[in-house]
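Everything on this sheet refers to the single structure shown next.
Positions are given from 1 along the sequence.
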Amino acid sequence: VRNMVRKLSENNWEIPIGHIPNMRVPGRLFVSENLLDGIEPGTIDQIANVATLPGIQKYSMAMPDAHLGYGFAIGGVAAFDMEEGIISPGGVGFDINCGVRLIRTKLQKEEVIPNIKTLTDELFKNIPAGVGSKSRFRASDKELDCAFLEGAKWAVEAGYGVEADTEYCEANGYMEGADPSHVSTKARNRGKPQLGTLGSGNHFLEVQYVDKIYDQEMASTFGLEEGQVTVMIHCGSRGAGHQICTDYLKELSKAVKDHKIEIPDKQLACAPAQSREAQNYFKAMLCAANYAWANRQMITHWTRESFENVFGRDAEDLGMNLLYDVAHNVAKLEEHTVDGKKKEVYVHRKGATRAFPPGHPEVPAVYRDVGQPVLIPGSMGTPSFILCGSKEAMDISFGSACHGAGRVMSRAQAKKEFRGQNVKDNLEAQGITIRAAHPSVIAEEAPGVYKSSSEVVNVVHELGIARKVARVLPLGVTKG
Ligand code: 5GP
Ligand code: MN
Ligand code: MN
């Protein structure tokens with residue numbers, strides 16, 4: 001890959017126009033020297049492919065956790081002019097609004113460690129996980145529509161959580177403009193029994209503790225201190241989002257021909273942003289995004305109940321409030337400055353987290369002086385991080401940062417490399433309790449299948465697009 005890129009500055013590499021034909025803008029890859037060696041040539045090509053799409057602004061980007069994805073690389077960020085540009089399902093991904101939320105507690109790690117096995121069991125029992133797992137909640141058609149339209153806000157009104165929760169979600173837990181009439185019956189049928197489930201594999205619910213503070217002032221604004229126990233939830237829109245993506249990939253493969261858009265890879269199916277096809281996808285995508293927020297909200301409620309059962313105190317008393325909830329697979333219409341002018345663009349973040357700066361109106365009032373919390377999971381055996389968005393993110397990356405450590409090997413390769421039981425034993429020897437629906441998941445998700453979260457996070461920190469606030473370590477993890 002070294003001869004495919006040109007170093008602009010530390011952690012900042014260009015994929016020049018001409019890497020492939022018809023690039024409208026250059027590519028940018030944000031990685032360290034060391035991480036660059038782990039990037040596959042195919043990922044560079046994917047960044048370049050996106051640079052050929054109509055209306056792309058500034059450059060096609062990838063974060064340090066980048067790896068191969070469907071059409072667009074995972075870790076990719078691309079913004080398109082709202083008139084001249086396009087919208088593409090591949091730029092969002094199959095798990096629409098996959099995202100992360102972090103719940104604080106007032107508990108210290110010493111209070112939780114003696115109970116971690118019971119607590120992890122209780123969480124595993126109360127929050128359905130695994131491929132095709134079914135929820136404890138049976139959504140009616142009406143309730144599904146409510147989830148599609150009002151996301152976390154509906155879930156709170158239905159009794160899953162407290163009013164303050166939505167204030168601490170990106171977009172307040174739901175986006176306007178969703179239209180269930182553009183969602184297929186198949187997507188509805190997949191979504192109904194899964195509302196309130198974690199899903200499989202990479203999705204997790206993790207009890208953690210803060211082991212390091214990098215910025216005291218930001219940490220206290222976020223309500224974090226050393227030794228404190230937190231809970232991280234990672235999941236998305238389940239079968240509903242997957243089916244919506246699948247349905248619209250078909251639609252947009254037709255649209256791309258009808259609108260005579262030339263694409264270098266058929267996985268980049270897209271349509272002009274204002275076309276009927278693109279807008280129908282967008283309205284359906286918003287349904288899935290809202291569904292995902294409702295899903296994380298319901299899981300939050302059962303997480304609180306699980307803690308209540310184990311510690312015999314109510315969740316409020318345990319200080320279990322939401323620090324923040326961020327999406328990392330979504331397209332949004334946002335205002336950004338391009339060539340000195342403010343304009344609305346469709347920002348596609350696919351395995352990338354929004355990282356808005358201090359003072360931005362979309363940052364909750366209590367955090368507004370420091371910036372938006374950015375939640376970066378590591379793995380079930382390595383640190384996860386809480387960062388804070390910055391002004392530099394607006395200048396460099398359309399207000400975005402990385403979303404995780406990023407995989408270094410496929411699931412198939414992981415199963416050859418690791419044995420679930422060994423990985424589990426190793427983690428338990430380090431004091432980390434694991435509960436998974438199937439042992440193969442533990443192999444597929446072994447810490448060794450991911451890049452170093454510390455290395456990845458250091459890149460965004462050094463670039464200044466998000467600043468390190470705190471580091472958390474796993475104590476108990478439930479996996480699909
Ligand atoms: P994705 O959304 O692309 O599947 O992954 C998000 C990130 O979550 C991965 O890149 C990985 O770094 C992280 N991750 C996966 N499994 C776990 C886990 O069990 N615990 C934590 N803390 N992070 C994980
Ligand atoms: Mn996901
Ligand atoms: Mn995810």
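Side-chain atoms of His234 and Asn202 form no donor-acceptor pair, as typed in the model, at a separation below 3.5 Å. No hydrogens or angles considered: nothing links the side chains of Arg188 and Gln243 as a donor-acceptor pair under 3.5 Å. If you check the side chains of Asn309 and Glu305, you find no donor sitting under 3.5 Å from an acceptor. With 3.5 Å as the limit, one finds no donor-acceptor pair spanning the side chains of Glu251 and Asn280. A donor atom on one side chain and an acceptor atom on the other are not found under 3.5 Å apart for Gln194 and Thr197. Inspection of the Glu226 and Tyr209 side chains reveals no N or O donor paired with an N or O acceptor under 3.5 Å. Side-chain polar atoms of Gln430 and Asn426 form no donor-acceptor pair below 3.5 angstrom.
Of all the heavy atoms in His348 and Ser88, the pair that sits closest is NE2-N, 3.1 Å. Between Tyr174 and Gly151, the shortest heavy-atom contact is CB-N, 3.8 Å. For the residue pair Leu387 and Val469, the shortest heavy atom distance occurs at C-CG2, 3.9 Å. When all heavy atoms of Ala352 and Gly76 are compared, the closest pair comes out as CB-O, 4.0 Å. Annotation for Trp293 and Met175: closest pair CZ3-CG, 4.0 Å, computed over non-hydrogen atoms. Between Met380 and Pro474, the shortest heavy-atom distance links the atoms O-CG, 3.3 Å.
Under the 4.5 Å side-chain criterion, counting only non-hydrogen atoms from C-beta, Ser237 is in contact with Asp95. Contact check for Arg304 versus Thr300: side-chain heavy atoms found under the 4.5 Å cut-off. Contact check for Val1 versus Met4: side-chain heavy atoms found under the 4.5 Å cut-off. The side-chain heavy atoms of Tyr450 and Thr382, taken from C-beta on, include no pair separated by under 4.5 Å. For the pair Glu225/Val210, no side-chain contact is recorded, criterion being any heavy-atom separation below 4.5 Å from C-beta on.
Here the OG atom belonging to Ser32 is positioned 8.5 Å from the CG atom belonging to Asn458, to the nearest 0.5 angstrom. Taking CD from Glu445 and CZ from Phe204, the interatomic distance works out to 9.5 Å, rounded to the nearest 0.5 Å. The distance from atom CG of Asn295 to atom CG of Leu198, rounded to the nearest 0.5 Å, is 8.0 Å. A distance of 3.5 Å separates CD in Glu170 from NZ in Lys332, rounded to the nearest 0.5 Å. The CZ atom of Arg101 lies 10.5 Å from the CG atom of Leu375; values are rounded to the nearest 0.5 Å. Distance check: Thr478 OG1 to Glu122 CD gives 12.0 Å after rounding to the nearest 0.5 Å.
Figure legend: cation-pi geometry between Arg435 and Phe124 absent, as NZ or CZ is not positioned both under 6.0 Å from the six-membered ring centre and within 45° of its axis. By the 6.0 Å and 45° rule, Lys468 stacks over the aromatic ring of Tyr214.
Aromatic ring centres of Phe222 and Tyr324 lie farther apart than the 6.0 Å criterion allows. Taking the six-membered ring wherever Trp is involved, the centroid distance between the rings of Phe148 and Trp154 does not fall below 6.0 Å.
Across Phe398, Phe282, Tyr281, Phe80, a single residue satisfies ring pair (Phe, Tyr, Trp, His ring centres under 6.0 Å) together with Tyr346, and that is Phe282. Screening Lys416, Lys415, Met409 against Gln413 for a side-chain contact (heavy atoms from CB on, under 4.5 Å) leaves a single residue, Met409. Just one residue in the list His328, Gln372, Glu334 forms a side chain to side chain donor-acceptor pair (under 3.5 Å) with Arg354, and that residue is Gln372.
Arg411 CZ: more than 12 foreign heavy atoms inside a 6.0 Å radius. The local environment of NZ in Lys186 is sparse, with at most 12 non-hydrogen atoms from other residues, nucleotides or ligands closer than 6.0 Å.
Electrostatic pairing of Asp325 and Arg296 counts as a salt bridge here, judged by a charged N lying under 4.0 Å from a carboxylate O.
Using a distance-only test at 3.5 Å, with no hydrogens or angles considered, no donor-acceptor pair links the side chain of Lys192 to the main chain of Asp141.
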